[in-house]
Q: 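Please read through the structure below; I'll follow up with questions.
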Amino acid sequence: MKKLVVITGASSGFGMALAKLFNQDGYPLLLLARRVERLEVLNLSNTICRKVDVTDREAFQKAIDDAEQQYGETDLLINSAGVMLLGDIETQNPDEWQKMLDVNVMGVLNGMRAVMPQMKKRQGGTIMNVDSLAGIEPFEHHAVYCASKYAVTGLSETARQQMAPYNVRVMRILPGAVNTELLSHTTSDQIKNDYVAGNKAAGMGTITADDIAKSIKFAYELPQGVNLREIQIADTKQVL
């Protein structure tokens, strides 16, 4: 039997694409999302769906503990949950800053903390943090989103160094512009329209959530002794 895969943010975008792909290949899954009803209607086999906010550390840990009772220890955690609320520092609602920092940073930390001790103890396992090209490159209107993803970059690399002696892989997946519902979270219509227009003018729009999911699965299924530390994935026509 294949080992347990835990995916956060599984109700849309990369998370849902990952859930479908890993399920097709027979992996037992724990899928975490706020909109859990989107997952339940898929009726995936060998799958536990839980309504969990990744900022709730106790609920996150309990969901993993419960799934491990049924499927064994987590071999792969994919921290895919995230929000992108584009805006300018001087005009954006500070509540949006806090939401991005809570979900994109604290959510990742909560997941890592939940699985690292047992992975370290058994000397195996993989943590994949969905980062962003905005975690290594500034973009207009992305100030706080960049701040959250730069944080993911730093904490992931630090964790990789910490866990490497124990044969535990920590990987960062850095997607560029991908057509998901992530942009729809932004409250400024002008920023959203400019974003879409810019991508269209550059001839972008071919890369999908499925492409990201396939890349993640490929990296995971390499031998445990092979760690693709950082994977940048973008539309060929994306310049930055």
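For clarity, every value in this text was computed on a predicted model and none was experimentally measured.
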Q: Going by atom types only, do Thr55 and Asp102 share a side-chain donor-acceptor pair under 3.5 Å?
A: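 Side-chain D/A pair, Thr55 to Asp102: absent.
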Q: Between Leu29 and Tyr71, is there a shared hydrophobic cluster once you connect ILVMFWY residues whose side-chain heavy atoms come closer than 4.5 Å?
A: no
Q: Under 4.5 Å between any side-chain heavy atoms of Met116 and Met112, yes or no?
A: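 Result yes, sub-4.5 Å side-chain heavy-atom pair found.
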Q: Would the distance check show the side chain of Ser80 and the main-chain N or O of Phe14 forming a donor-acceptor pair, the cut-off being under 3.5 Å?
A: no
Q: Using atom types as modelled and distance alone, determine if a side-chain donor or acceptor of Thr47 lies under 3.5 Å from a backbone N or O of Asn43.
A: no
Q: Which is it for Arg122 and Asp75 under the salt bridge (charged side-chain N to carboxylate O under 4.0 Å, His left out) test, yes or no, and what are the steps along the way?
A: CA-CA 10 Å; Arg122 63 185 170 86; Asp75 194 59; 3.6 Å; yes
Q: Is the closest side-chain heavy-atom distance between Lys2 and Asn46 below 4.5 Å?
A: no
Q: Is the shortest distance from a Lys or Arg side-chain nitrogen in Glu96 or Lys99 to a carboxylate oxygen in the other one below 4.0 Å?
A: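 A salt bridge is absent here (no side-chain N lies under 4.0 Å from a carboxylate O).
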Q: In terms of hydrophobic clusters joined by side-chain contacts under 4.5 Å, are Leu4 and Leu18 together?
A: no
Q: Mark yes or no for whether Ser132, through its side chain, and Leu174, through its backbone, hold a donor-acceptor pair below 3.5 Å.
A: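 Not a single qualifying donor-acceptor pair exists.
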Q: Strictly distance-based, threshold 3.5 Å: is any side-chain N or O of Asn129 a donor or acceptor partner for the main-chain N or O of Asp131?
A: no
Q: Taking the side chain as every heavy atom from C-beta outward, state whether Leu183 and Val196 have any atom pair closer than 4.5 Å.
A: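 Answer yes - side chains close enough.
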Q: Check Asp66 with Lys62, please: is the shortest side-chain N to carboxylate O separation under 4.0 Å?
A: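 So Lys62 pairs with Asp66 through a salt bridge.
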Q: Do the side chain of Gln238 and the main chain of Ala177 share a donor and acceptor less than 3.5 angstrom apart?
A: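 Answer holds: yes.
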Q: Do Met106 and Leu101 make a side-chain contact, defined as non-hydrogen atoms from C-beta onward lying under 4.5 Å apart?
A: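 No, every pair of side-chain atoms sits at 4.5 Å or beyond.
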Q: Does atom CG (Asn179) have a neighbourhood of more than 12 heavy atoms from anything else shown, all under 6.0 Å?
A: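 No.
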Q: Taking the side chain as every heavy atom from C-beta outward, state whether His141 and Gln92 have any atom pair closer than 4.5 Å.
A: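 Result no, sub-4.5 Å side-chain heavy-atom pair not found.
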Q: With a sphere of 6.0 Å drawn around CZ of Arg57, does it hold more than 12 non-hydrogen atoms of other residues, nucleotides or ligands?
A: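 Open.
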Q: Please determine whether the number of non-hydrogen atoms from other residues, nucleotides or ligands lying under 6.0 Å from atom NZ of Lys192 exceeds 12.
A: yes
Q: Should Ile173 and Ser215 count as side-chain neighbours, where that means a heavy-atom distance under 4.5 Å?
A: no
Q: Are Val83 and Ile78 in one and the same hydrophobic cluster, where Ile, Leu, Val, Met, Phe, Trp and Tyr link if side-chain heavy atoms are under 4.5 Å apart?
A: no
Q: Using a cut-off of 6.0 Å, state whether more than 12 heavy atoms not belonging to Arg35 lie near its atom CZ.
A: yes
Q: Is the Phe22 ring parallel, tilted or perpendicular to the Tyr220 ring (thresholds 30°, 60°)?
A: tilted
Q: For the backbone of Ser184 and the side chain of Thr186, can you confirm whether one donor and one acceptor N or O come within less than 3.5 Å of each other?
A: no
Q: Decide yes or no on side-chain contact (heavy atoms from CB on, under 4.5 Å) for His185 and Met84, but give the supporting numbers first.
A: CA-CA 6 Å; His185 301 162; Met84 183 176 76; 5.7 Å; no
Q: Just by modelled atom types, is the Thr74 backbone N or O under 3.5 Å from a matching donor or acceptor in the Glu68 side chain?
A: yes
Q: Hey, does the side chain of Asp88 reach the backbone of Glu90 with a donor-acceptor pair shorter than 3.5 angstrom?
A: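 Pair absent, no side-chain N/O of Asp88 close to backbone of Glu90.
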Q: With a 4.5 Å heavy-atom cut-off, do Leu31 and Leu44 have their side chains touching?
A: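 In short, these two side chains touch, coming nearer than 4.5 Å.
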Q: Are the side chain of Glu40 and the backbone N or O of Cys49 linked by a donor-acceptor pair below 3.5 Å?
A: no
Q: If two hydrophobic side chains count as joined below 4.5 Å and joins carry through other members, does Val105 share a cluster with Val52?
A: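 Yes, one cluster joins them.
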Q: Evaluate the side-chain proximity of Val103 to Val54: yes if any heavy-atom separation is below 4.5 Å, no if none is.
A: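 The answer is yes, as the side chains (C-beta and beyond) meet within the 4.5 Å cut-off.
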Q: Could you check whether any side-chain N or O of Tyr150 sits under 3.5 Å from a backbone N or O of Ile136, counting only pairs where one atom can act as donor and the other as acceptor?
A: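 The answer is yes, because a donor-acceptor pair under 3.5 Å joins these two groups.
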Q: Quick one: closest heavy-atom pair of Leu30 and Ala63, and the distance?
A: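 Scanning both residues, the minimum pair turns out to be CD2-O, 3.5 Å.
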Q: How far apart are the closest heavy atoms of Val178 and Pro175, and which atoms are they?
A: CG2-CB, 4.2 Å
Q: Tell me yes or no: between the side chains of Gln69 and Asp65, is some donor less than 3.5 Å from an acceptor?
A: no
Q: In terms of heavy-atom contacts, does CD of Glu140 have more than 12 from other residues, nucleotides or ligands at under 6.0 Å?
A: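 No, not enclosed.
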Q: Should Val239 and Tyr195 be counted in the same cluster of Ile, Leu, Val, Met, Phe, Trp and Tyr side chains packed under 4.5 Å apart?
A: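 Different clusters: Val239 never reaches Tyr195 through Ile, Leu, Val, Met, Phe, Trp or Tyr contacts under 4.5 Å.
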Q: Tell me whether Leu222 at atom CG has more than 12 heavy atoms from other residues, nucleotides or ligands lying less than 6.0 Å away.
A: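 Yes - once you tally the heavy atoms of other residues, nucleotides and ligands closer than 6.0 Å, there are more than 12.
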